[in-house]
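First comes the structure, then the notes that go with it.
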Amino acid sequence: MSTTLFAESTVADFSQDTWWIWVLKAVFIIVYLILSVILALWVERRGLGRMQTRRGPNRVGPWGFFQAFADATKLLIKEDMWLAGAEKVMYFLAPVIAATCAFTIMAVLPMGPSVSMFHHMTPLQLTDSPVAVLFVLAVASLGEYGLVFGGWAAHSTLPLYGSVRSATQMISYELALGLSLVSVFISAGSMSTSGIVAAQQPLWNVITLFPAFCIYLVAMFGETNRLPFDLPEAEGELVAGHHTEYSSMKFGWYYLSEYINMLNVSMIAATCFLGGWQAGPIMTSIYKIWGGDPNVGWMPMLWFFLKTWFFMFIMIWVRATLLRMRYDHFMKLGWKILIPAALLWLFCVIAIQGVAAFATISRTQMMIGIVAVFIVLVVLIWIFAGKEDRQGEPSASSGGFIAPSEEFDAFAGGFPVPPLPGQQLPPSPRAQRTKPVNVTTQEVAHE
């Protein structure tokens, strides 16, 4: 961890790059993302099948591998429908915005160190910037406009509900996600992605900044609309959310951007918390036995892709395991738990970094201090601020129930809504009209 709050940014050297190297890198990124989506579809379907004790796709190609190609072909040749009452320009641009932003994020993520490409030394990265992390967050926020415009431009009720849900979800969970990344570039002393990777030597941020990693791990599910946070696309309520009224490749761009965003958040997690393309101390020690270095040449690309697919598998595993949350619980998790926890952790990191700027302390002492301050603050907040939430819990003195704090009318807004903690639904009219029928044994014997 850096001993100063701000340090000179470390940006990759692109001085030997030419225009055709930029083109090669850009084409590689596009092809890699598209092929990775096809592979992700197959891995997810087969993986979910195994986890849910069923076969999954097994007809098209060996082990059903070509099923994703068949689905892509169907989207390409399917009739392209246009709604008569839609806002034509935004209706068309919305999926384009979502897909363009999804493809853009990988441009600043390093896949490896500098290598020789046709006698030119160039980093395995399209571009870098002293504020690359802010660029990633900005592009991710712009991608949300594609979802919002898609639901609004269709002039249909359910897509509009899905787009509004997506906007509120993005605001709450992107705040927590961004705050978790703030502690990363404060500890690294750089907002450059290559600088963050270089700062994770020899310890990765998943160890030194574990609370930030946990917050990011939860928030990335909300950022990508994946189970258990797929409320903007909940088929039981909204049919398909913002892309309900889309067909053919307009729907395909939404579908593609969703899986590319899964890859994006996985690559960001690998870059910011798992050392990026670095092999790690264990693999480095194993390679040193044979006199090799796993962090030079083209081999680091393999470590980067393996780390990315580690997070992809976690997202697939969670989809097969957890159920969809209720919407008020989902928003409470974002605003009352994740964001305060991220702010608290950020305060601890800044406090210890400030102490380290005026005192000579080791990395181990710094981490012990951060963890100790974080635990103490969490306990204090739970003791003094948690009383409000615990007032709605059952107690023995009240017979296991607490009287509602206010009268609740489920149809006050014109449509039914669930009760909040402390509220209680009125008795059912059907239960009042229906009287219980008590049949005694004597009456049965008489009959």
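- Taking 4.5 Å as the limit, every side-chain heavy atom of Asp230 sits out of range of all side-chain heavy atoms of Phe221.
- No side-chain heavy atom of Phe135 sits under 4.5 Å from any side-chain heavy atom of Ser129.
- For the pairing with Phe305, the ring pair (Phe, Tyr, Trp, His ring centres under 6.0 Å) check across Phe311, Tyr32, Trp277, Trp298 returns one residue only, Tyr32.
- The closest donor-acceptor contact from the side chain of Gln200 to the backbone of Thr271 lies under 3.5 Å.
- Of the possible polar contacts, none joining the Lys25 side chain to the Ala107 backbone as a donor-acceptor pair under 3.5 Å is found.
- Only one option out of Ile29, Val139, Ile30 pairs with Phe103 in a side chain to side chain contact (heavy atoms under 4.5 Å, CB included); it is Ile30.
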Donor-acceptor contacts, no H, no angles, side chain residues 86-94, under 3.5 Å, sequence neighbours left out:
{"from": "Lys88", "atom 1": "NZ", "to": "Leu83", "atom 2": "O", "distance (Å)": "3.1"}
{"from": "Lys88", "atom 1": "NZ", "to": "Ala84", "atom 2": "O", "distance (Å)": "3.3"}
{"from": "Tyr91", "atom 1": "OH", "to": "Glu245", "atom 2": "O", "distance (Å)": "2.5"}

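- Between the side chain of Lys250 and the backbone N or O of Met81, at least one donor-acceptor pair lies under 3.5 Å.
- Contact between Gln125 and Ser194 at its shortest, heavy atoms only, is OE1-CB, 4.0 Å.
- Two residues are said to be in side-chain contact when any heavy atoms from C-beta on lie closer than 4.5 Å; Val43 and Met312 fail this criterion.
- Residues passing the ring-ring contact (aromatic ring centres under 6.0 Å, His included) test with Phe313 are Trp317, sequence neighbours excluded.
- Phe273 is not listed as a side-chain neighbour of Ile268, based on a closest heavy-atom distance of 4.5 Å or more.
- The main-chain N or O of Cys272 is found under 3.5 Å from a side-chain atom of Asn205 such that the two form a donor-acceptor pair.
- Residues Asn225 and Ser166 have side chains in contact (heavy-atom distance under 4.5 Å, counting atoms from C-beta outward).
- In this structure Tyr145 satisfies the ring-ring contact (aromatic ring centres under 6.0 Å, His included) test together with Phe149, sequence neighbours excluded.
- Put simply, the side chain of Val197 does not reach to within 4.5 Å of the side chain of Phe304, judged on heavy atoms.
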With side-chain contact (heavy atoms from CB on, under 4.5 Å) as the test, would you mind laying out the steps for His155 and Leu160 before giving the verdict? CA-CA 7 Å; His155 286 186; Leu160 180 61; over 6 Å; no

With side-chain contact (heavy atoms from CB on, under 4.5 Å) as the criterion, how do Leu41 and Asp71 come out once you've worked through the C-alpha distance, each side chain's angles and the decisive distance to 0.1 Å? CA-CA 10 Å; Leu41 290 171; Asp71 294 340; 5.9 Å; no

Kindly determine whether Glu44 and Tyr259 satisfy side-chain contact (heavy atoms from CB on, under 4.5 Å), including the steps that lead there. CA-CA 11 Å; Glu44 183 171 34; Tyr259 278 86; 2.4 Å; yes

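- For Tyr173 and Phe330, the distance between ring centers is under 6.0 angstrom.
- Contact check for Leu134 versus Met191: side-chain heavy atoms found under the 4.5 Å cut-off.
- Within the 4.5 Å cutoff, the side chain of Phe310 has heavy atoms near those of the Ile314 side chain.
- A distance of 8.5 Å separates NE2 of His242 from OG1 of Thr244, quoted to the nearest 0.5 Å.
- Considering CZ of Phe213 and OG1 of Thr208, their distance stands at 12.0 Å, rounded to 0.5 Å.
- Distance alone, capped at 3.5 Å, places no donor-acceptor pair between the Thr224 side chain and the Met262 backbone.
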